[in-house]
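Below is one structure, written out as structure tokens; the observations come after it.
In what follows, chains carry the letters A, B, and so on, assigned in the order in which the sequence lines appear, proteins first and then strands, with residues in each chain numbered from 1.
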Amino acid sequence: MSLGSGPVIYTTLDFDQPWTLENYLKVGGYQALRMVLTEKIPPEHIIAEVKTSALRGRGGAGFPTGLKWSFMPRNYQGDKYIVCNTDEGEPGTCKDWDILRYNPHALIEGMAIAAYTMAVKTGYNYVHGEIFEAYERMEAACEEARAAGYLGKDILGTDFEFDLHNHLGYGAYVCGEETALLESIEGKKGQPRYKPPFPASFGLYGKPTTINNTETFSSIPYIIREGGQKFLELGRPNSGGTKLFSVSGHVNNPGNFELPMGTPFRKLLELAGGVRNGHKLKAVIPGGSSMPVLPGEIMMEVDMDYDSIQKAGSYLGSGAVIVMDETVCMVRALERLSYFYYEESCGQCTPCREGTGWLYRIVHRIEHGNGKPEDLDLLLELCDNIAGRTICALGDAAAWPVQGMLKHYRNEFEYHIEHKKCMV
Amino acid sequence: MLSVQVQEKIERELRKYPADQRQSAVMSALRFVQDEKGWIESSDMADVANYLGMAQMAVYEVATFYHMYNLKPMGKHTLTVCTNLSCQLCGAEEVLGYIKDKLGIGIGEVTADGKFGLREAECMGACVEAPLLSVNNKRLCFRLTPAKVDQILAELGGQP
Ligand SMILES: Cc1cc2nc3c(=O)[nH]c(=O)nc-3n(C[C@H](O)[C@H](O)[C@H](O)COP(=O)(O)O)c2cc1C
Ligand code: SF4
Ligand code: FES
């Protein structure tokens with residue numbers, strides 16, 4: 001696998017053991033936390049700096065982080081929490097995995113600064129169950145930070161107190177949804193909650209809680225150390241900073257890359273070694289499996305930032321780029337994805353529970369030569385009846401890939417139905 | 001009864017959560033039981049419920065909701081293969097087919113000697129190393145090829 005280092009997050013890759021505290025300190029690690037604590041920087045200033053940076057949530061929805069932090073009630077008496085979402089399970093996405101493996105202290109420092117800002121004493125990091133080795137590394141990094149006085153009581157000799165604990169998931173995609181994740185930490189089934197109330201008022205154990213993605217928290221030390229303006233200038237006006245891109249599928253050199261927001265897709269593809277075996281690029285899912293697919297020709301003109309991809313008809317999402325070459329049958333690809341959403345629906349809402357099953361069964365019968373001409377319109381009608389009518393966004397996530405595939409590759413589906421076999 | 005080792009591990013987990021939130025340790029408690037005996041049966045769920053002061057039903061809900069728990073014996077080494085899109089594009093189904101042939105079992109089955117069990121999984125969050133599998137939910141093995149599969153099976157003590 002290849003790994004592209006960058007200025008904000010993948011900063012320690014040149015070391016033999018990138019994950020140690022010692023090496024993190026060599027790249028300016030914990031300077032931001034030290035500055036915040038010793039200079040007693042007012043929390044409003046930190047939030048203002050994060051707003052200036054135009055940092056948007058890296059978990060998929062792109063919500064402005066500074067604004068989210070300002071929702072936490074400052075004068076609330078009693079426990080409050082911050083929670084990190086490392087439940088990376090959106091097919092194609094594995095950037096946060098490499099943060100835990102290679103720079104866990106960036107996350108710890110980012111969360112400590114967030115805790116100071118929101119006057120929180122306890123944080124949890126929810127880790128995807130399948131990446132057990134990364135969970136263990138994160139546990140070790142927290143121990144190391146505790147021993148060195150970056151976590152626990154009297155951090156860096158001040159009266160600031162914050163501790164961070166890791167909670168291992170055990171195989172449920174829906175727990176990536178932030179309220180399902182809270183339920184899961186509480187020791188329950190991971191079923192998303194109705195909103196409102198939002199986590200900022202009723203979160204973990206019913207207390208005010210802020211949830212951010214791993215990459216979001218890990219961007220904070222740079223923003224505080226170098227200034228929000230400098231982070232902003234790394235990227236584009238509405239998309240500050242760098243972004244981690246996971247490039248998987250049909251490329252010669254799959255891997256995670258940290259690049260400025262707005263980097264042309266063309267360049268990213270080149271870094272990932274180009275399409276495998278000299279094949280032709282067919283299609284790309286630009287932001288994790290839930291985002292609509294885009295044809296290769298369109299992608300080759302797109303820049304990797306929120307606005308540019310949205311203009312092209314999809315979303316940046318988690319920044320996971322799934323590359324498909326000319327050998328891919330889109331019906332088969334969609335069949336696999338539809339199965340995934342059907343399997344992972346938590347079953348609370350009828351449109352999602354029933355609808356994902358219908359989507360899967362119809363795409364399955366098309367793939368296996370039993371499709372009917374009216375199936376394609378039926379799929380689209382089902383999508384309309386799922387999207388926007390459910391408790392959480394898993395319903396939309398199931399509908400978008402279907403809509404994207406039918407928008408750009410309807411002919412392949414029609415061919416399958418008519419000829420009972422594949423076009424490619 | 002939960003073994004002393006499992007109890008000690010649960011105690012360590014409990015320190016992460018507020019004292020009145022013992023239920024938060026249920027996922028790890030079930031994991032520790034599975035690590036020890038390979039799977040979880042209802043008497044284990046009852047033990048965990050007692051230990052954490054939860055209703056048995058609540059433990060059962062958790063054990064059946066999360067996919068990585070084995071609710072039946074799954075062999076000494078449970079191999080779990082990801083077949084989601086990034087892995088599928090890189091040949092996961094072929095690899096899975098190879099493992100099935102080699103072990104002579106299907107998904108959800110265990111070899112006659114009880115050494116290997118086979119499961120299929122959704123995205124494991126390591127897609128750039130596709131195709132991949134996990135061994136007992138602990139160790140991920142990357143970029144699988146038939147030769148690599150042979151090597152893993154041999155290492156784990158199966159026939160080469
Ligand atoms: C089905 C589903 C799965 C999700 N999975 C993840 C995930 O794996 N990681 C993540 O950070 N956010 C995930 N999210 C988004 C979270 O709900 C939440 O928006 C995010 O963690 C907030 O952090 P951010 O503002 O820093 O992005 C998911 C949402 C849904 C609906
Ligand atoms: S949309 Fe689906 S996954 Fe989300 S709460 Fe409803 S049933 Fe559960
Ligand atoms: S699709 Fe297999 S690990 Fe993500």
Side-chain angles (χ1 to χ4, degrees), chain A residues 1-2 79 86-94 96-98 122 124 128-134 163 165-173 175 184-191 205 246-250 254-256 272 285 289 320 322-325 328 332-333 336-337 339-340 343-344 346, chain B residues 12-13 15-18 20-31 34-35 48 52 54 58-69 80 82-90 92-93 119-130 132-140 142-143:
Chain A
M1 183 191 75
S2 60
D79 295 328
T86 315
D87 192 32
E88 208 169 35
E90 168 95 351
T93 319
C94 55
D96 300 334
W97 177 48
D98 276 347
T122 310
Y124 292 97
H128 195 49
E130 287 82 347
I131 52 167
F132 182 72
E133 291 146 300
D163 214 343
H165 306 288
N166 299 292
H167 184 105
L168 189 66
Y170 229 52
Y173 166 65
C175 287
S184 185
I185 297 180
E186 292 180 3
K188 303 176 192 152
K189 293 189 283 186
Q191 289 192 320
Y205 307 127
S246 305
V247 187
S248 68
H250 291 159
N256 285 319
I285 301 178
S289 68
I322 306 175
V323 176
M324 296 183 258
D325 73 14
V328 176
R332 181 157 177 248
R336 186 62 188 88
L337 288 182
Y339 178 76
F340 168 63
E343 174 73 21
E344 298 296 322
C346 84
Chain B
R12 263 201 300 273
E13 290 296 315
R15 269 179 246 140
K16 295 179 175 178
Y17 310 101
D20 59 349
Q21 300 290 347
R22 292 175 66 83
Q23 180 164 351
S24 284
V26 64
M27 290 180 69
S28 40
L30 291 169
R31 168 163 61 91
Q34 177 163 317
D35 287 349
V48 167
L52 295 176
M54 293 169 64
V59 177
Y60 177 82
E61 279 188 347
V62 168
T64 51
F65 185 84
Y66 298 92
H67 305 307
M68 288 165 68
Y69 296 118
T80 308
C82 172
T83 57
N84 212 309
L85 187 57
S86 299
C87 287
Q88 183 188 63
L89 292 172
C90 297
E93 284 170 15
R119 297 192 62 175
E120 187 180 8
E122 298 302 340
C123 178
M124 298 199 178
C127 325
V128 298
E129 298 283 16
L132 52 107
L133 62 73
S134 87
V135 182
N136 286 340
N137 298 330
K138 288 286 179 294
R139 179 163 71 98
L140 293 176
F142 303 133
R143 308 255 172 151

Taking atom [atom1] of [X] and atom [atom2] of [Y], what is their separation to the nearest 0.5 Å?
| X | Y | atom1 | atom2 | answer |
| --- | --- | --- | --- | --- |
| A/Asp163 | B/Arg15 | CG | CZ | 12.5 Å |
| A/Phe132 | B/Asp35 | CZ | CG | 7.0 Å |
| B/Thr83 | A/Arg336 | OG1 | CZ | 3.5 Å |
| A/Trp97 | B/Cys127 | CH2 | SG | 8.5 Å |
| A/Glu130 | B/Met124 | CD | CE | 6.0 Å |
| A/Leu168 | B/Glu13 | CG | CD | 8.5 Å |

What part of [X] gets closer than 4.5 Å to chain A, counting heavy atoms only: side chain, backbone, both or neither?
| X | value |
| --- | --- |
| B/Ala126 | both |
| B/Ala25 | neither |
| B/Thr80 | neither |
| B/Gln88 | side chain |
| B/Arg22 | neither |

Would you say that [X] contacts [Y] through its side chain, given a criterion of any heavy-atom pair below 4.5 Å between the two side chains?
| X | Y | value |
| --- | --- | --- |
| A/Ile322 | B/Ser86 | yes |
| A/Leu337 | B/Asn84 | yes |
| B/Cys123 | A/Tyr173 | no |
| B/Glu122 | A/Tyr339 | yes |

What residue in [options] has the most heavy-atom pairs under 4.5 Å with chain B?
| options | value |
| --- | --- |
| A/Ser246, A/Gly89, A/Cys346, A/Gly92 | A/Gly92 |
| A/Gly190, A/Gly129, A/Ala172 | A/Gly190 |
| A/Glu88, A/His128, A/Glu343 | A/His128 |

TODO: Classify the side-chain pair A/His167/B/Tyr17 by whether it contains a donor and acceptor separated by less than 3.5 Å.
DONE: yes

- [ ] Return yes if a side-chain donor-acceptor contact under 3.5 Å exists between A/Glu344 and B/His67, otherwise no.
- [x] yes

Open item on the list: A/Lys188 vs B/Gln23, test: side chain to side chain contact (heavy atoms under 4.5 Å, CB included). Steps then yes/no.
Closed with: CA-CA 8 Å; A/Lys188 303 176 192 152; B/Gln23 180 164 351; 3.8 Å; yes

Open item on the list: Looking at B/Tyr60, I want to see if its OH is surrounded by more than 12 non-hydrogen atoms of other residues, nucleotides or ligands under 6.0 Å.
Closed with: no

TODO: Any chance you could lay out the side chain to side chain contact (heavy atoms under 4.5 Å, CB included) test for B/Leu85 and A/Ile285, step after step, and finish with the verdict?
DONE: CA-CA 11 Å; B/Leu85 187 57; A/Ile285 301 178; 3.7 Å; yes

Which heavy atom of [X] sits nearest to which heavy atom of [Y], and what is that distance?
| X | Y | value |
| --- | --- | --- |
| B/Lys16 | A/Tyr124 | O-OH, 2.7 Å |
| B/Met27 | A/Ser184 | SD-OG, 3.3 Å |
| B/Tyr66 | A/Lys189 | OH-C, 3.7 Å |

Open item on the list: If the threshold is 4.0 Å, N to carboxylate O, is there a salt bridge linking B/Glu93 and A/Arg332?
Closed with: yes

Chain B heavy atoms under 4.5 Å from [X]: which part of the residue, side chain, backbone, both or neither?
| X | result |
| --- | --- |
| A/Tyr170 | both |
| A/Ile185 | both |
| A/Thr93 | backbone |

Open item on the list: Can you tell me which of B/Asn137, B/Leu30, B/Asp20 forms the most heavy-atom pairs within a distance under 4.5 Å of chain A?
Closed with: B/Asn137

TODO: Evaluate the criterion side chain to side chain contact (heavy atoms under 4.5 Å, CB included) for residue pair B/Val128 and A/Cys94; output intermediate values, then yes/no.
DONE: CA-CA 7 Å; B/Val128 298; A/Cys94 55; 3.6 Å; yes

TODO: Check whether any side-chain N or O of A/Glu186 sits under 3.5 Å from a backbone N or O of B/Ser24 as a donor-acceptor pair, and report yes or no.
DONE: no

